[in-house]
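In what follows, a single structure is set out as structure tokens and then discussed.
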Amino acid sequence: MDPGLQQAFNPLAPSQDTAMHVPAGSVTSHLGTSSRGYFYFTTASLALCLVFAVVTIMVLVVQKTDSIPDPPGKFHLKGGNCSEDLCILERAPFKKSWAYLQVSKHINKTKLSWNKDGIIHGVRYHDGNLVIQFPGWYFIICQLQFLVKCPEHSVDLKLELLINENVKKQTLVTVCESGVQTKSIYQNLSQFLLEHLQVNTTISVNVDKFQYVNTNTFPLENVLSIFLYSSSD
């Protein structure tokens, strides 16, 4: 190329040294600024989402708490504070008919008796029987704890729920197997029933090996509970 033309174009084109040698500090500063901006934006977004989630949970908890009416009074069972199940029942919305009884410590027959100072509302208790006062569908729940000091043979534990002295539901378990060296066994038996009951219907519980019912270790866990699920009135 003509030396004159080359000299004319040289001022317009940056030199090779100028194009290739960009200050390293300016590039690092630019990238650092971008990274910090992205980090601040992400952190702020997550914080807002967290606040929104916490507020939503608090609103739902308040609504659920407000929907359950407070009990009309405080109840106390013989033997100490209420169990977890009882505390839930005390705040339940059904109030027309329900009962929560602990088994008596003086068991001397197959038909179990219950502490009369338990919680009874809209139901009568007589001679081991809960007597229905309002017709409708009832949930019936019984739970018992057994302590068996194993003899040389197996033991059958059976829990029966009776309606008007007729067995409606039962649970059977065999413990202390023959030939197995076991000193003692803790066993839980429970049963529940949903049944439509009329006025004066009786509810009771039978245990064939009543001598094994453990009333000392877990006194709050041997219970009979019923509540009116749906009224027929």
Listed pairs under 3.5 Å, donor-acceptor, residues 107-114 side chains, sequence neighbours left out:
from	atom 1	to	atom 2	distance (Å)
Lys111	NZ	Asn129	OD1	2.9
Lys111	NZ	Glu165	OE2	3.4

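In this structure, Leu197 and Ile226 have side chains that are not in contact, with every pair of non-hydrogen atoms separated by 4.5 Å or more.
Residue Tyr125 places its OH atom among more than 12 non-hydrogen atoms of other residues, nucleotides or ligands, all under 6.0 Å distant.
Here Leu162 is tied into one hydrophobic group with Val167, each link being a pair of ILVMFWY side chains closer than 4.5 Å. Other residues sharing the hydrophobic cluster of Phe192, ordered by chain and number and joined by side-chain separations under 4.5 Å: Ile141.
Atom-to-atom distance recorded for Gln143:CD and Glu221:CD is 5.5 Å, nearest 0.5 angstrom. For the atom pair CG (Leu130) and CG (Leu101), the distance works out to 5.5 Å, reported to the nearest 0.5 Å. Distance check: Leu228 CG to Phe139 CZ gives 11.5 Å after rounding to the nearest 0.5 Å. Lys169 NZ to Ile163 CD1: the interatomic distance, rounded to the nearest 0.5 Å, is 11.5 Å.
Ring centroid separation for the pair Tyr212 and Phe146 does not come in under the 6.0 Å cut-off.
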Stepwise side chain to side chain contact (heavy atoms under 4.5 Å, CB included) test for Thr171 and Ser190: CA-CA 7 Å; Thr171 300; Ser190 60; over 6 Å; no

CA sep, side-chain torsions, deciding dist, call: Val131, Asn200, side chain to side chain contact (heavy atoms under 4.5 Å, CB included): CA-CA 5 Å; Val131 185; Asn200 293 325; 4.1 Å; yes

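Under the 4.5 Å side-chain heavy-atom criterion for Ile, Leu, Val, Met, Phe, Trp and Tyr, Leu161 and Val173 are members of the same hydrophobic cluster.
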